[in-house]
Amino acid sequence: IAAAMVDQAEAVFFAGGNQEDYVRWKGELIDAVARVYERGGVVGGTSAGLAILGEFVYDSIAANAADEASVESSDATYDPYEPEISFTSDFFHFPPLAGTITDTHFANRDRFGRRAAFMARQIGDARVTSDPPRILGIGVDEMNAVVIDREGIGRLLQQEPGTGAAFLILGGQPDEISDQEALYYRDLLVTRLDDPSQLFDFNRWCGTGPTYEV
């Protein structure tokens, strides 16, 4: 019934909560959401609802099973293969978000480290198939959004002007990633969008905001 209702929709927005609840919908209902986008509709989400939109998804299933509220940057970079980290692939296939993994509450919860670790895991686990391997991590602050048009051009929207940003992080092969070892990941190229006039091209993975290496 829910899939039939979605098949009549022009837009779908996923609320916050727990992405484990969403990834369990994989199948008929999620296929119906994908069809909304394919026929020209809008698909978006906030918090957990954003975390499920990339090609690769941190699904929080293992963290929930271990009664962990979240994976912190300090834990993920100390050991990117800690048991509380788990992923889902082949959930959505939105063309502008191919090769991406998303995260929210970015600066407020200090998630740059875990974003880098999650990016590195997709390459280390051979989920990224590009040659050479490349992945784009997308981190969005609270009260901010990135909207992407039909041409694959993204722009920043802000609930309060001048507050927060979005971070587009391009990474290649990690220098060192292995079980029970600290992550070593150089030359991450960051594009920061902190003004609605700035753009990011998801076709070419470059933008007009300030760009720097980490």
Side-chain angles (χ1 to χ4, degrees), residues 9-23 33 36-37 40-60 63 69-77 91-92 94-97 99-119 135-171 188-214:
E10 296 180 359
V12 175
F13 189 85
F14 291 95
N18 191 324
Q19 51 262 46
E20 178 180 3
D21 296 332
Y22 286 136
V23 297
V33 176
V36 172
Y37 177 83
V42 176
V43 179
T46 185
S47 195
L50 169 59
I52 62 173
L53 298 182
E55 180 177 352
F56 313 110
V57 178
Y58 164 65
D59 56 31
S60 76
S70 182
V71 172
E72 304 296 333
S73 285
S74 56
D75 299 321
T77 52
F91 193 65
F92 282 123
F94 299 126
L97 295 181
T100 72
I101 183 167
T102 63
D103 211 346
T104 56
H105 311 287
F106 197 67
N108 181 261
R109 299 186 185 178
D110 189 23
R111 286 183 166 174
F112 190 99
R114 86 171 201 166
R115 174 68 13 229
F118 292 175
M119 291 166 59
I135 185 168
L136 183 70
I138 304 170
V140 184
D141 285 344
E142 296 173 6
M143 297 192 295
N144 286 259
V146 176
V147 295
I148 308 172
D149 66 19
R150 293 171 184 245
E151 275 65 58
I153 305 301
R155 72 171 61 242
L156 185 72
L157 297 182
Q158 295 182 311
Q159 187 171 336
E160 294 183 6
T163 302
F167 301 81
L168 295 304
I169 308 163
L170 176 59
L188 295 171
L189 185 65
V190 181
T191 300
R192 174 188 169 105
L193 304 182
D194 54 17
D195 186 277
S197 66
Q198 297 164 344
L199 306 175
F200 189 85
D201 186 342
F202 282 86
N203 305 297
R204 301 168 54 223
W205 285 0
C206 62
T208 62
T211 301
Y212 52 93
E213 284 190 355
V214 173

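- One N or O on the side chain of Arg155 and one on the backbone of Pro196 form a donor-acceptor pair closer than 3.5 Å.
- The CD atom of Glu151 sits 14.0 Å away from atom CZ of Phe202, with the distance rounded to the nearest 0.5 Å.
- Listed here is the closest heavy atom pair of Val71 and Ala63: CG2-CB, 4.4 Å.
- For Phe112 and Phe167, the ring centers are positioned 6.0 Å apart or more.
- Using a 4.5 Å heavy-atom threshold, the side chains of Val42 and Glu10 count as separate.
- For the atom pair CG of Leu193 and CD of Gln198, the computed distance is 5.5 Å after rounding to the nearest 0.5 Å.
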Apply side-chain contact (heavy atoms from CB on, under 4.5 Å) to the pair Ile153 and Ile148, showing each step before the final yes or no.
CA-CA 5 Å; Ile153 305 301; Ile148 308 172; over 6 Å; no
Below 3.5 Å, can you tabulate the donor-acceptor pairs from side chains in residues 47-57 to any protein atom, sequence neighbours excluded?
residue: Ser47; atom: OG; partner: His105; partner atom: NE2; Å: 2.8
residue: Glu55; atom: OE1; partner: Gly99; partner atom: N; Å: 2.5

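- Between Arg192 atom CZ and Leu156 atom CG the span is 9.5 Å, to the nearest 0.5 Å.
- Here the side chains of Leu189 and Thr211 are in contact, with some heavy-atom distance below 4.5 Å.
- Residue Ile135 holds its CD1 atom at 10.0 Å from CD1 of Ile138, rounded to the nearest 0.5 Å.
- Arg111 places a side-chain heavy atom less than 4.5 Å from the side chain of Ser70.
- Remark: Tyr37 pairs with Phe94 by the ring pair (Phe, Tyr, Trp, His ring centres under 6.0 Å) rule, at least two apart or across chains.
- Here the closest heavy-atom approach between residue Ala117 and residue Ala76 is recorded as CB-O, 3.5 Å.
- Nearest heavy-atom pair, Asp141 versus Gly164, reported as atom, atom and distance to 0.1 Å: OD2-CA, 3.4 Å.
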Gln159/Asn144 under side-chain contact (heavy atoms from CB on, under 4.5 Å): CA gap, chis, key distance, verdict
CA-CA 6 Å; Gln159 187 171 336; Asn144 286 259; over 6 Å; no
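- Residue pairs meeting the ring-ring contact (aromatic ring centres under 6.0 Å, His included) criterion with at least one partner in residues 141-166, sequence neighbours excluded, do not occur; the list is empty.
- Contact between Met119 and Leu170 at its shortest, heavy atoms only, is CE-C, 4.2 Å.
- In this structure the side chain of Phe92 never reaches within 4.5 angstrom of the side chain of Leu97, judged on heavy atoms.
- Leu168 contributes atom CG, which lies 10.5 Å from atom CG of Asp201 (distance to the nearest 0.5 angstrom).
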Check against side-chain contact (heavy atoms from CB on, under 4.5 Å), Tyr58 and Arg114
CA-CA 10 Å; Tyr58 164 65; Arg114 86 171 201 166; 3.9 Å; yes
I'd like to know whether Tyr212 forms a side-chain contact (heavy atoms from CB on, under 4.5 Å) with Leu188, so could you lay out the CA-CA distance, the side-chain angles of the two residues, the decisive distance to 0.1 Å, and finally the verdict.
CA-CA 8 Å; Tyr212 52 93; Leu188 295 171; over 6 Å; no
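- Residues Glu142 and Asn108 come closest through the heavy atom pair OE2-OD1, 3.4 Å.
- Looking only at side-chain heavy atoms (C-beta outward), Val140 and Phe106 stay at 4.5 Å or farther from each other.
- Interatomic distance, CD of Gln19 versus CZ of Phe14, reported as 12.5 Å (0.5 Å rounding).
- A pairwise comparison of heavy atoms in Asp195 and Ser197 identifies OD1-OG, 2.6 Å as the closest pair.
- Annotation: side chain of Thr191 is not in contact with side chain of Pro210 (no heavy-atom distance under 4.5 Å).
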